[in-house]
Amino acid sequence: MRLFDSKTKTKREFTPQNPPRVTLYVCGPTVYDDAHLGHAKSALVFDLLARVLRASGYALTYAKNITDIDDKIINKALQTGESIGSLTTRYTEAYHRDMDALGVARPDIEPRATESIGAMLEMIDALIRSKHAYATPEGDVYFDTQSDPAYLSLSGRKQEQSETQSRVESSAHKKQSADFALWKTVKEGGNSFDSPYGAGRPGWHLECSAMIQKHLTCKGDTFGVDIHGGGADLLFPHHENEAAQTRCALGHELANFWVHNGFVTIDGEKMSKSLGNSFFLKDALNHYQGEVLRYYLLSVHYRSDFNFSEEDLLASKRRLDKLYRLKKRLFGLVTEQVKTPFQTELLEALGDDLNVSVAYALIDAMIQAANEGLDQNPKDKTLRSQILSNLAFIQTLLGFGAQNPFEYFQFGIDEATKMRIDALIEARNDAKKAKDFARSDALRDEIAALGIALMDTPQGTFWERKE
RNA sequence: GGGUCUAUCGCCAAGUUGGUAAGGCACGUGAUUGCAAAUCACCCAUCCCCAGUUCGAGUCUGGGUAGGCCCUCCA
């Protein structure tokens, strides 16, 4: 497959260093709050990448970390009085719940920062011994960015700019303002870990380097991982710093391919709490089906900015509807699985740097051809088995179409309403049998008032929720 | 201020080596339907502006204009 690498800013053929093994590491959430749409986008992009890699025949090991020790977590715990362990467990579970709703498969490894302290301390030790890091009198340890000639080679920035324009107050003991903390000493006890530099906690950037080394790197590897992913905002300074640490501590580059997904904005504005437009996934899931959100969030190329709007989401839903309509036509049929050209083309499209636009277009064309074929030969066994195989392939590769099609179209309707609808439909069918079309249409209007659309078919009358 | 990315039909959005604009939503027409829905068929843009390179540019070069993101924790 071909992938765009943020470091070289080019799309090139992806080749793993130890084929067929492929390692993928993605920066996961800091669990101090509920996941928002940006977390969803990132998780979905790399879920798709993982699926495509597996479908392409690679033996993938996918790791996504959970940052469960951090300033924001500590502050929130102090504010609410909840223990850090309870807080991070609670939000980790919430994260899992939200991602499950989007159909995001769990990574193979989900390392926690607090479980990787040993690996991080080893890396600090190596950096200090090789003079790439220094301890301050307070017990902080900083990475010496000046000591790494390749520093900033990932993000392509220039040192002067980073320094002169820096808006951060730099520590009096830092050699350069760009130097970043590997270990932060902690005065008040409670939330700290023991270390040779005193009680404290690790700097944020360190955990990824350490986890990759611990879980994914093989002896003699040229790169820590084949692919390192995360949000575009992480390119600098987070990934730049990770790369520097690994380069200086271990003598190899951290990743062969750097993959960054674009940002999610809401109605043209960046999500932020101060703007009051932060969009929690759990809230979105109350209004829209997880699968619709999945289809919508994946519909734009992963490197593009994604502007969330309800109008676009509904347009996406109508597109996904067509897949379920086709599934409905063949509901209950079981056939043998066959290979089709469509499947090859779909995998090829996604194998080209995850070109979802082409993939979606292929799916639409397949659906259209399938409907046309079924219109002409509804009982064609070969056709049916091709269509069902294609749908199954889409489900595996993209995670679309796993639901019961009838339930898909009846999302969010409670049981009482369903029973009422069924009763009204029955009454309407009686009226239809009696050719009392006036009454039949009146009943349809009554049902429509409930937000329900009816469809008469040779198999009977079905209903769907209207938007 | 520095870095970086983007600007294609009403809306969303593809378009690796330059050769004459995918797909979806919405809209319109027709087939089908008691009516409708669904489905099918048809219809629907010359690619932000200016100047270049070229036989030929959305696709390359230069200059504008507009916007996103990063430079502070951040997916």
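Residue numbers begin at 1 in each chain, while the letters A, B, ... track the order of the sequences.
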Selection from U4(B), G34(B), A38(B) that lies nearest to any side-chain heavy atom of Arg428(A): G34(B)

What is the nucleic acid contact for His301(A), judged by heavy atoms within less than 4.0 Å: base, sugar-phosphate only, or nothing? sugar-phosphate

Report yes if a donor N or O on one partner sits less than 3.5 Å from an acceptor N or O on the other, where the partners are the side chain of His36(A) and the base of A75(B); otherwise report no. yes

Output the single nucleotide from A75(B), G68(B), U39(B) whose closest atom is nearest the side chain of Leu234(A). A75(B)

Is the distance from OP1 or OP2 of A75(B) to the nearest side-chain N or O of Lys64(A) less than 4.0 Å? no

With heavy atoms under 4.0 Å as the rule, sort Gly231(A) into base, sugar-phosphate or nothing. sugar-phosphate

Could you work out which one of G68(B), G23(B), A14(B) sits closest to the side chain of Ala361(A)? G23(B)

Report the nucleotide, chosen from G34(B), C12(B), A37(B), that has the shortest atom-to-atom distance to any side-chain atom of Ser440(A). G34(B)

Separation of C71(B) atom P from Phe180(A) atom CZ, nearest Å, is 15 Å

His239(A) atom NE2 is separated from C70(B) atom C1', nearest whole Å, by 13 Å

If you look at every strand shown and take non-hydrogen atoms under 4.0 Å, does Lys9(A) touch a base, only sugar-phosphate, or nothing? sugar-phosphate

Does G23(B) have its OP1 or OP2 closer than 4.0 Å to a side-chain nitrogen or oxygen of Arg319(A)? no

Does NZ or CZ of Arg303(A) lie under 6.0 Å from the centre of the six-membered ring of Phe4(A), at an angle within 45° of the ring axis? yes

In whole angstrom, give me the gap between the P atoms of A7(B) and A14(B). 8 Å

Once you round to the nearest 0.5 Å, how far does CH2 of Trp258(A) lie from CD of Glu242(A)? 5.5 Å

Indicate, with a heavy-atom threshold strictly under 4.0 Å, whether Arg303(A) touches base, sugar-phosphate, or nothing. nothing

d(CG, Asn377(A); P, C40(B)) in whole Å: 16 Å

For a quick test of reading the model, state the closest non-hydrogen atom pair linking Ala113(A) to Met120(A) and the distance between them. O-CE, 3.3 Å

With a 3.5 Å cut-off and heavy atoms only, can you find an N or O donor on one side and an acceptor on the other between the side chain of Asp441(A) and the base of G34(B)? yes

Distance test, side-chain N/O of Gln368(A) to OP1/OP2 of G23(B), below 4.0 Å: no

If the cut-off is 4.0 Å, is Asn307(A) near the phosphate of G68(B), judged by side-chain N/O to OP1 or OP2? no

Does any donor atom in the side chain of Gln176(A) or Asp179(A) lie under 3.5 Å from an acceptor atom in the other side chain? yes

To the nearest angstrom, how far is Asp233(A) atom CG from U4(B) atom P? 18 Å

Pick base, sugar-phosphate or nothing for Lys432(A), based on heavy-atom distances below 4.0 Å to the nucleic acid. base

Within the modelled atom types, does a donor on one side and an acceptor on the other bring the side chain of Arg325(A) and the base of A38(B) under 3.5 Å apart? no

Ala315(A), nearest nucleotide to its side chain (from C11(B), C25(B), C70(B)): C25(B)

Tell me which nucleotide, if any, is Watson-Crick or G-U wobble paired with C69(B) when both distances must be under 3.5 Å. G3(B)

Classify the ring geometry of Tyr324(A) against Tyr408(A): parallel below 30°, tilted from 30° to 60°, perpendicular beyond 60°. parallel

Closest approach of Tyr91(A) and Lys76(A), non-hydrogen atoms and distance? OH-NZ, 3.4 Å

Closer than 4.0 Å, any side-chain N/O of Trp463(A) to the OP1 or OP2 of A37(B)? no

Which part of the nucleic acid does Val264(A) contact within heavy-atom distance under 4.0 Å: base, sugar-phosphate only, or nothing? base

Under 4.0 angstrom, heavy atoms only, what part of the nucleic acid is Glu464(A) near: base, sugar-phosphate, or nothing? nothing

Looking only at the side chains, is there a donor atom on one of Asp140(A) and Thr185(A) sitting less than 3.5 Å from an acceptor on the other? no

Which of these nucleotides, G24(B), C40(B), G34(B), is closest to any side-chain atom of Asn371(A)? C40(B)

Closest to the Arg318(A) side chain, choosing from C25(B), C70(B), C74(B): C25(B)

Among C73(B), U16(B), A36(B), which nucleotide sits nearest the side chain of Met455(A)? A36(B)

On RNA chain B, more 5' by nearest nucleotide between Pro29(A) and Phe437(A) is Phe437(A)

Would you indicate what Ser357(A) reaches in the nucleic acid, counting non-hydrogen atoms under 4.0 angstrom: base, sugar-phosphate, or nothing? base

Of the nucleotides G34(B), C40(B), C70(B), which has the atom closest to the Asp456(A) side chain? G34(B)

Given C11(B), G68(B), C40(B), the nucleotide with the shortest approach to the side chain of Asp312(A): C11(B)

Between the side chains of Lys328(A) and Glu464(A), is the shortest nitrogen-to-carboxylate-oxygen separation below 4.0 Å, so that they form an ion pair? yes

Round to a whole Å and report the spacing from CG of Leu330(A) to P of U39(B). 14 Å

When you match Lys72(A) and Phe306(A) each to their closest nucleotide on RNA chain B, which lands nearer the 5' end? Phe306(A)

For the C1' atoms, the ones on C55(B) and on C9(B), what distance do you get once it is rounded to whole angstrom? 29 Å

